[in-house]
Amino acid sequence: MAAWIQAPKGTKDILPKDSENWRLIEDIMRDEAAIHGFQEIRTPVFERTELFERSVGDTTDVVQKEMYTFLDKGNRSISLRPEGTAGAVRALLENALLNEGIPQKLYYLISCYRYENTQEGRQREFHQFGCEAFGTEKPIADAEIIALAHGIFERLGIRGLSLEINSIGCPQCRSKYHETLRTFLEESKEALCHTCLERLDKNPMRILDCKTPSCGEITKDAPIMKDYLCNDCAEHFFAVQSYLDAADIPYKVNTRIVRGLDYYTRTVFEFISGDLGAQSTVCGGGRYDGLVKQMGGAQTPALGFAMGMERLLLVMKAQQIQLPQPAVCRLYIASLGKAAQMKGFALSNMLHHAAIKAECDICDRSLKAQMKYADKIGAMFTLVLGDNELQQNKAELKYMRTGETMPITLGNDFLTEFLAAITQAESLALGSQS
RNA sequence: GUGGAUAUAGCUUAGUUGGUUAAAGCGCCAGUUUGUGGCACUGGAGAUCGUCGGUUCGAAUCCGAUUAUCCACCCCA
């Protein structure tokens, strides 16, 4: 296969055998968001590079080394979105959605782009479902948005996800904690790994997340954020937990959860799966009370999460979760000759107008080949049209499962007679199942 | 950006110490005498053996480079 006909590294086609599952999952997400009062927002795939630098943070890996950035023909620096929050906040401000009332609750289903090395659960183009809520700093909002994500996993039949939550405090208490942590780590500076040494200045909290055993050894007894939260933050975190308890949503506090995007404050959470490889986070999110103001809006508390579609699909595959199959073709119309093909086309159109799934021959194939095709697509009924049938304006409707046939007229009553046949066949099928 | 493994038809794989025309199963298309699917049988299409270069009389096979995939670091959903 010539290289130019291969999809670019890190991208995947979603083929018919999978796209039905994607659609079903997306439908559940849309519905779950809708019943929580969230409305869809669609924003551009690309934005001005500056937007991501100023929101996601220009010291984060995502912005620093993973963005697809280019100059357009007008010499503007443009980037493909690496995540969804920045665009949502930009649209919120630009269209003054907060003036329409509070809270604003938005969701999106988007593709995102990050220039990374690929591995299981990590691609360069990937898809996210995300929710964002603006205008409330109350802990019940944190619990609601976690409940929304939790509800989606439940409806999809996913088991064994662990919800881990933490509070990384507000800028005030966090900077105090940073100082304490930094002094603690300075003592065993020599033993830290190379990358953690660099983190010491910029973002010491990330060191807690390091998987290098030696760093883990050092941070084992490190001071934890929880003990340094200011009164308001501590109270908030405690209240979030009470609401989760009230909603019967199991969780555990993991003081090592540190999110990699700069805008997070207070509550952060992840849904983690043991059925994935190293990329085990299926859903991540948290509060970002400072972002809207930082982007030029009024001080507006906000929070959100995103879940990775591809990772979700991997978990579901690992757990062998069966989704409902698409509706089968109700009728395949086989035809012999041009006149019969024309009639078959007209009859299938009649069914399509009644929203019934039906197909007729579009390849001029032999009757046998047509029947084989009908069998392959799992057609419920078949109808063979030839000169005889056209003359008599009648045909034999064949129920494929048993091979039984029944007469049907090809005139105006065709639709009603066919509907009756379906009803009868369905009641038979139900009867044979029990 | 770093490390390890892999690369033969649409898919799953075989291919001997380098030796003629690269093999099989599944899938696809068609046929097995009149206008009816599943089963069986027969046939057909489909591979410049990831790509480029080297060694050799001769390379799918040996060597080098490159690309892609998978896994892991890192990062994150």
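Each chain gets a letter, A, B and so on, in the order the sequences are listed, and its residues count up from 1.
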* Structure fact -> A:Glu116 atom CD is separated from B:A77 atom P, nearest whole Å, by 10 Å

* Modelled atom types, side-chain donor and acceptor of A:Tyr108 and A:Glu132, under 3.5 Å -> yes

* Asked: Is A:Ala374 touching bases, backbone alone, or none of the nucleic acid, heavy atoms closer than 4.0 Å?
  -> nothing

* Between B:A23 and B:G46, how far apart are the C1' atoms? Round to whole Å, please. => 14 Å

* For residues A:Tyr107 and A:Arg30, is any side-chain donor paired with an opposing acceptor at under 3.5 Å? -> yes

* In whole Å, what separates the C1' atom of B:G15 from that of B:C49? -> 10 Å

* Asked: When you compare B:A9 with B:A60, how far apart are their C1' atoms, in angstrom units rounded to a whole number?
  -> 14 Å

* Asked: So what does A:Gln119 hit on the nucleic acid, given a heavy-atom distance under 4.0 Å: a base, only sugar-phosphate, or nothing?
  -> base

* Asked: Around atom CZ of A:Arg48, are there more than 12 heavy atoms of other residues, nucleotides or ligands at under 6.0 Å?
  -> no

* **Rounded distance (Å) that lies between atom P of B:C76 and atom CZ of A:Arg124** => 17 Å

* Asked: Strictly by modelled atom types, are A:Tyr332 and A:Glu359 linked by a side-chain donor-acceptor pair under 3.5 Å?
  -> no

* Interatomic distance, A:Met205 CE vs B:C76 P [rounded to whole Å] -> 13 Å

* To do: Classify the side chain of A:Arg122 versus the base of B:C74 as yes if they form a donor-acceptor pair under 3.5 Å and no if they do not.
  => yes

* Cationic tip of A:Arg287 above A:Tyr264 ring, under 6.0 Å, 45° of axis -> no

* Can you tell me how far C1' of B:G50 sits from CD of A:Gln6, to the nearest Å? -> 7 Å

* Of the nucleotides B:C29, B:A72, B:A77, which has the atom closest to the A:Glu120 side chain? -> B:A72

* Determine the Euclidean distance between corresponding C1' atoms of B:G64 and B:C73; express it in Å to zero decimal places. => 27 Å

* Any N or O donor-acceptor pair linking the side chain of A:Arg311 to the base of B:C76 at under 3.5 Å? -> yes

* Asked: Will you find, in the side chains of A:Thr267 and A:Ser167, an N or O donor that is under 3.5 Å from an N or O acceptor?
  -> no

* Distance below 4.0 Å between A:Ser366 side-chain N/O and B:G31 OP1 or OP2 -> yes

* Residues from residues 262-284 of chain A lying under 4.0 Å of RNA chain B - heavy atoms -> A:Gly277, A:Ala278, A:Gln279, A:Thr281, A:Val282, A:Cys283, A:Gly284

* Please, what dot-bracket string fits RNA chain B when only Watson-Crick and G-U pairs with both distances under 3.5 Å count, crossing ones use [ ] and pairs to another strand use |? -> (((((((..((((.....[...)))).(((((.......))))).....(((((..]....))))))))))))....

* To do: Calculate the interatomic distance between A:Glu310 atom CD and B:C76 atom C1'; express it in whole Å.
  => 13 Å

* Asked: With distance as the sole criterion, is a donor-acceptor pair present between the side chains of A:Glu47 and A:Ser79 under 3.5 Å?
  -> no

* Asked: Which residues in residues 10-27 of chain A have at least one heavy atom lying under 4.0 Å from any atom of RNA chain B?
  -> A:Gly10, A:Lys12

* Asked: Are side-chain N/O atoms of A:Thr11 and A:Glu125 paired as donor and acceptor at under 3.5 Å?
  -> no

* Given atom CE of A:Met29 and atom P of B:A77, what is their separation to the nearest angstrom? -> 15 Å

* **Protein-to-nucleotide contact annotation, 5' to 3' order, nucleotides 34-40 of chain B [B base; S sugar-phosphate only; - none; under 4.0 Å, heavy atom]** => -BBBS--

* Salt bridge or not for A:Glu120 and A:Arg311, using N-O below 4.0 Å? -> no

* Just call it for A:Gln64: base, sugar-phosphate, or nothing, with non-hydrogen atoms closer than 4.0 Å on any strand. => nothing

* Is the side chain of A:Gln319 donor-acceptor paired with the backbone N or O of A:Ile321 at a distance under 3.5 Å, no angle test? -> no

* For atom CD1 of A:Ile249, decide whether the heavy atoms of other residues, nucleotides or ligands shown that lie under 6.0 angstrom number more than 12. => yes

Show the distances under 3.5 angstrom between N or O atoms of the protein and N or O atoms of nucleotides 2-9 of chain B.
residue, atom, partner, partner atom, Å
B:U2, O4, A:Asn117, ND2, 2.7

* **Whether A:Asn166 side chain and A:Ile257 backbone form a donor-acceptor pair below 3.5 Å** => yes

* Answer yes if the side chains of A:Ser175 and A:Tyr177 hold a donor-acceptor pair under 3.5 Å, and no otherwise. => no

* Asked: What residue pairs, at least two apart or across chains, pass ring-ring contact (aromatic ring centres under 6.0 Å, His included) with a residue in residues 43-63 of chain A?
  -> none

* Determine the interatomic distance between P on B:G50 and the same-named atom on B:G44; round to the nearest Å. => 26 Å

* What interatomic distance, in whole Å, is found between C1' of B:A45 and the corresponding atom of B:G35? -> 28 Å

* **Between A:Tyr251 and A:Phe269, ring centroids under 6.0 Å** => no

* Spacing of the C1' atoms in B:U8 and B:U48 (rounded, Å) -> 13 Å

* Asked: A:Gln123 has an atom CD; how far is it from atom C1' of B:U69, in whole Å?
  -> 12 Å

* Asked: When we call it a touch if two heavy atoms are under 4.0 Å apart, what does A:Thr60 touch: a base, just sugar-phosphate, or nothing?
  -> nothing

* Structure fact -> Between the CG atom in A:Leu148 and the CD atom in A:Glu144, the distance rounded to the nearest 0.5 Å is 6.5 Å

* To do: Would you mind reading off the distance between A:Leu314 atom CG and B:A77 atom C1', rounded to a whole angstrom?
  => 12 Å

* To do: Specify the residue among A:Met307 and A:Lys9 whose closest nucleotide of RNA chain B lies further upstream toward the 5′ end.
  => A:Lys9

* Asked: Cut-off 3.5 Å, side chains only: do A:Ser335 and A:Gln341 have a donor facing an acceptor?
  -> no

* Asked: Salt-bridged, A:Asp275 to A:Lys317, with N to O below 4.0 Å?
  -> no

